[in-house]
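As structure tokens, the structure follows; a few thoughts come after it.
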There are 2 protein chains.
Amino acid sequence: MTKSAAQRRREAREEYDAFLAACPSRQLLDRLADKWVALTLSALAGGEQRYSELSRAIAGVSQKMLTQTLRNLERDGIVVRSITPSVPVRVDYRLTPLGASLLPVVQAIKDWAEQHMDRVLAARERFDARDPQRAAS
Amino acid sequence: MTKSAAQRRREAREEYDAFLAACPSRQLLDRLADKWVALTLSALAGGEQRYSELSRAIAGVSQKMLTQTLRNLERDGIVVRSITPSVPVRVDYRLTPLGASLLPVVQAIKDWAEQHMDRVLAARERFDARDPQRAAS
DNA sequence: CAGTATCCCTCATGATACTG
DNA sequence: CAGTATCATGAGGGATACTG
């Protein structure tokens, strides 16, 4: 008898715990909770994209960070890289099913930031006015 | 005539765009897409927690990072700090309504990492076996 | 207890230059 | 076009010591 998806999920939830410093999921959390990951996956939401398209969509990302981010995501099974050996070469990236399951999660952070920016800015002003000393970055 | 919440949200979605390097939401995304933010808010999911309770719950966090994270979250209106002037002093943190709306979003990343750790580890092994050269961190 | 203040150093990131 | 390689910088983050 095979285990249900819900069963496996429950077990995994017990097996890994990001609250523990040494748990592998802590490192994975650190990799996924990243600005470039959120933007890269969001850019891939519409479907396959070329390297240059991603580079343009994600304003301000350096070649190094984009490549590094994509390489890590590829290694973790979240995106797939496909090469068309034309001249010049063409490289496309797309989400795997695993990546598709992660997309809504990281996109939600990006969306939350965009949608609540005003309230956060207002909160910062109140904080800085009330307590100028503790106001940091 | 006042605008509906949905209207305001739609406008905000157009007003801020984290794909743009100079947009304030890009910086906010950078602050929120953070390991310590995800763990701190997750720890506050159960309700008000003392500083020392948070410190214990989030294994491996330094005083500096915990304090810094809490201060930024407080400034952004995501958590509230309340002091009980006893001896010794007691400080509690809890989510604001704004923070409560962010909680599921960041908790989802932590949960995803815990629940898909096995698949990610398997993907890494496949990648490293297939292509040892490109295998990085 | 709940921080603040320093020192210090690694590593993440950006800029630049080069290549199949 | 889609990277790789190298260098340089500075901010992130840990360790330690001190305080109301």
Side-chain angles (χ1 to χ4, degrees), chain A residues 21-22 26-40 43-44 48-75 79-94 127 131-137, chain B residues 21-22 26-27 29-40 43-44 48-75 79-94 131-137:
Chain A
R26 167 74 70 92
Q27 296 174 46
L28 182 57
L29 173 61
D30 197 24
R31 288 227 164 263
L32 299 181
D34 176 76
K35 173 180 49 174
W36 301 128
V37 169
L39 292 172
T40 301
L44 290 173
E48 202 166 52
Q49 299 278 324
R50 300 183 62 168
Y51 180 88
S52 52
E53 291 175 319
L54 291 172
S55 181
R56 249 175 290 114
I58 307 169
V61 69
S62 64
Q63 283 192 328
K64 179 174 179 179
M65 288 317 297
L66 180 56
T67 300
Q68 192 176 105
T69 301
L70 286 167
R71 201 66 64 248
N72 283 329
L73 290 173
E74 185 192 1
R75 181 165 180 260
V79 304
V80 176
R81 177 175 182 262
S82 55
I83 311 169
T84 307
S86 50
V87 180
V89 68
R90 174 196 176 106
V91 179
D92 289 272
Y93 291 90
R94 66 173 188 280
F127 183 91
D131 209 336
Q133 301 310 324
R134 297 168 62 219
S137 90
Chain B
R26 167 74 69 92
Q27 296 174 44
L29 173 61
D30 197 24
R31 288 224 166 265
L32 299 181
D34 175 76
K35 176 181 45 176
W36 301 127
V37 169
L39 292 171
T40 301
L44 290 173
E48 204 167 51
Q49 299 278 323
R50 301 185 58 169
Y51 181 89
S52 53
E53 291 175 317
L54 291 172
S55 180
R56 249 175 289 113
I58 307 168
V61 69
S62 63
Q63 282 191 329
K64 179 177 177 176
M65 287 318 296
L66 181 55
T67 299
Q68 191 176 106
T69 301
L70 287 167
R71 202 65 65 245
N72 283 328
L73 291 173
E74 185 193 1
R75 181 163 180 263
V79 305
V80 175
R81 178 174 181 261
S82 55
I83 311 168
T84 306
S86 51
V87 178
V89 68
R90 173 195 177 106
V91 178
D92 289 273
Y93 291 90
R94 66 174 189 281
D131 209 335
Q133 300 310 322
R134 297 169 62 220
S137 90

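Throughout, a chain's letter reflects where its sequence line sits, starting with A, and its residues are numbered from 1.
- Taking atom CD of Glu74(A) as the reference point, atom P of dA2(D) lies 15 Å away to the nearest angstrom.
- As a whole-Å value, the separation of Leu66(B) CG from dA15(D) C1' is 16 Å.
- In this structure, CZ of Arg56(B) is placed 14 Å from P of dG3(C), rounded to the nearest angstrom.
- Residue Arg71(A) places at least one side-chain N or O under 4.0 Å from the OP1 or OP2 atom of dG3(D).
- In this entry the distance linking CE of Met65(A) with P of dC11(C) reads 15 Å, nearest Å.
- Here the C1' atom of nucleotide dT13(C) and the CZ atom of Arg31(A) are 13 Å apart, to the nearest Å.
- With dT4(C), dA2(D), dA2(C) as the choices, the nucleotide that has an atom nearest any side-chain atom of Tyr51(B) turns out to be dA2(C).
- With contacts defined as side-chain heavy-atom distances shorter than 4.5 Å, the pair Val61(B)/Leu39(B) does not qualify.
- In this structure, CD1 of Ile58(B) is placed 15 Å from C1' of dA2(C), rounded to the nearest angstrom.
- Contact annotation: Arg90(B) side-chain N/O to dA2(C) OP1/OP2 distance is not under 4.0 Å.
- Each of Thr67(B) and Gln68(A) lies near DNA chain C, and the nucleotide nearest Thr67(B) is the one positioned closer to the 5' end.
- Ion pair Glu53(B)/Arg56(B) not flagged as a salt bridge, since none of the NZ, NE, NH1 or NH2 atoms sits closer than 4.0 Å to an Asp/Glu carboxylate oxygen.
- In terms of position on DNA chain D, the residue among Asp30(A) and Leu70(A) whose nearest nucleotide sits closer to the 5' end is Leu70(A).
- Side-chain nitrogen and oxygen atoms of Tyr93(B) include at least one within less than 4.0 Å of the OP1 or OP2 phosphate oxygen of dG3(C).
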What's touching nucleotides 15-20 of chain C from the protein side, N or O pairs under 3.5 Å?
none

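- Considering only side-chain N and O atoms, Arg50(B) lies nowhere under 4.0 angstrom from the phosphate OP1 or OP2 of dC1(C).
- Across all strands shown, dA2(C) pairs with dT19(D); the Watson-Crick or G-U wobble distances both stay below 3.5 Å.
- One can place CG of Leu54(B) at 13 Å from C1' of dG3(C), the figure rounded to the nearest angstrom.
- dA2(C) atom C1' lies 15 Å from atom CD of Gln49(B), rounded to whole Å.
- Looking at heavy atoms from C-beta onward, Leu70(B) lies in side-chain contact with Tyr51(B) at the 4.5 angstrom threshold.
- Comparing atom distances between the Asp34(A) side chain and each of dA2(D), dT13(C), dT4(D) picks out dT13(C) as nearest.
- Residues Asp30(B) and Arg26(B) have side chains not in contact (no heavy-atom distance under 4.5 Å, counting atoms from C-beta outward).
- By the 4.5 Å heavy-atom criterion applied to side chains, Arg81(B) and Val79(B) are not counted as neighbours.
- No salt bridge links Asp92(B) with Arg94(B); every basic N to acidic carboxylate O contact stays at or beyond 4.0 Å.
- In terms of heavy-atom proximity, Glu48(B) sits nearest to Ser82(B) at OE2-OG, 3.7 Å.
- In this structure, Ser52(B) reaches the dA2(C) phosphate: one of its side-chain N or O atoms is under 4.0 Å from OP1 or OP2.
- Once rounded to the nearest 0.5 Å, the distance linking CG of Asp131(B) with CZ of Arg71(A) reads 9.0 Å.
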